[in-house]
Amino acid sequence: MSSHIVAPRHRAVTSDADRRAAARLRELDAILLTTDAQCRKPSADPDDWFPIVENSAKYDAAYEAATKRCDGCPFTGLAGECVERARLQPYDPIGVIGGTDPKLRRQLGIGAEFQRYDEVAA
């Protein structure tokens with residue numbers, strides 16, 4: 001009889017670090033999925049945080065307006081819970097997260113598995 005390791009289908013063997021990260025993500029979701037967050041207020045339109053930009057000339061203005069929507073949110077900032085959650089997730093090349101646009105997240109390396117997304121132009 002051979003010995004073997006049973007791993008989840010979607011990943012290889014789950015490490016303690018992966019389990020801790022998953023537990024922290026669940027904690028952050030519980031914190032962030034409240035109406036205390038600017039993006040979760042009943043009057044907020046989620047699309048406001050994901051501007052559609054047709055050309056690079058409009059990019060800065062569109063994302064500046066979107067990041068201003070995070071002003072006053074208790075979870076915003078590089079040390080805030082929104083960005084902490086983004087650090088644990090794969091890099092997201094679209095949208096505003098915790099007051100950061102994709103260019104800033106790319107510059108700061110915010111997002112797990114960031115190296116896989118080098119070819120994405122943010």
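The figures that follow rest on heavy atoms only: side chains count, while hydrogens, waters and symmetry mates do not.
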Of all the heavy-atom pairs spanning [X] and [Y], show the shortest one and how long it is.
X	Y	answer
Cys39	Ala44	O-CB, 3.8 Å
Ala62	Val53	CB-CG2, 3.8 Å
Thr76	Cys70	OG1-O, 3.2 Å
Glu81	Ile31	CG-CG2, 4.4 Å

Exam field: side chain [X] to backbone [Y], donor-acceptor pair closer than 3.5 Å:
X	Y	value
Asn55	Lys58	yes
Arg69	Trp49	no
Tyr63	Gly95	yes
Thr67	Gly99	no

Exercise for the section: Applying side chain to side chain contact (heavy atoms under 4.5 Å, CB included), run through Arg40 and Leu32 and close with a yes or a no. Expected result: CA-CA 8 Å; Arg40 300 292 178 188; Leu32 295 171; 5.9 Å; no

Completion exercise
Distance col, row Leu28:CG vs Phe75:CZ, nearest 0.5 angstrom, shows 10.0 Å

Practice task
Rounded to the nearest 0.5 Å, what's the gap from CD on Gln38 to SG on Cys82? Could you check?
Solution key: 10.5 Å

Is it true that [X] and [Y] make a salt bridge, defined as a side-chain N closer than 4.0 Å to a carboxylate O?
X	Y	answer
Asp71	Lys68	no
Arg87	Glu84	no
Asp29	Arg85	yes

Exercise for the section: Check the pair Leu78, Leu108 against side chain to side chain contact (heavy atoms under 4.5 Å, CB included), reporting the backbone distance first and the verdict last. Expected result: CA-CA 10 Å; Leu78 294 178; Leu108 298 175; 3.8 Å; yes

Please examine the side chains of [Y] and [X], heavy atoms only from C-beta on, and report whether any two atoms are closer than 4.5 Å.
X	Y	value
Asp101	Asp60	no
Tyr59	Lys103	yes
Pro102	Asp92	no

Problem - Same cluster (ILVMFWY, side-chain, under 4.5 Å), Val83 and Leu104 - result: yes

Exercise for the section: Please answer: with hydrophobic residues joined when any side-chain heavy atoms are less than 4.5 Å apart, are Ile97 and Phe50 in the same cluster? Expected result: no

Handout entry: Steps toward side chain to side chain contact (heavy atoms under 4.5 Å, CB included) verdict (Ile110, Tyr91)
Key = CA-CA 7 Å; Ile110 295 173; Tyr91 171 73; over 6 Å; no

Handout entry: CA sep, side-chain torsions, deciding dist, call: Asp47, Ile52, side chain to side chain contact (heavy atoms under 4.5 Å, CB included)
Key = CA-CA 9 Å; Asp47 290 340; Ile52 297 171; over 6 Å; no

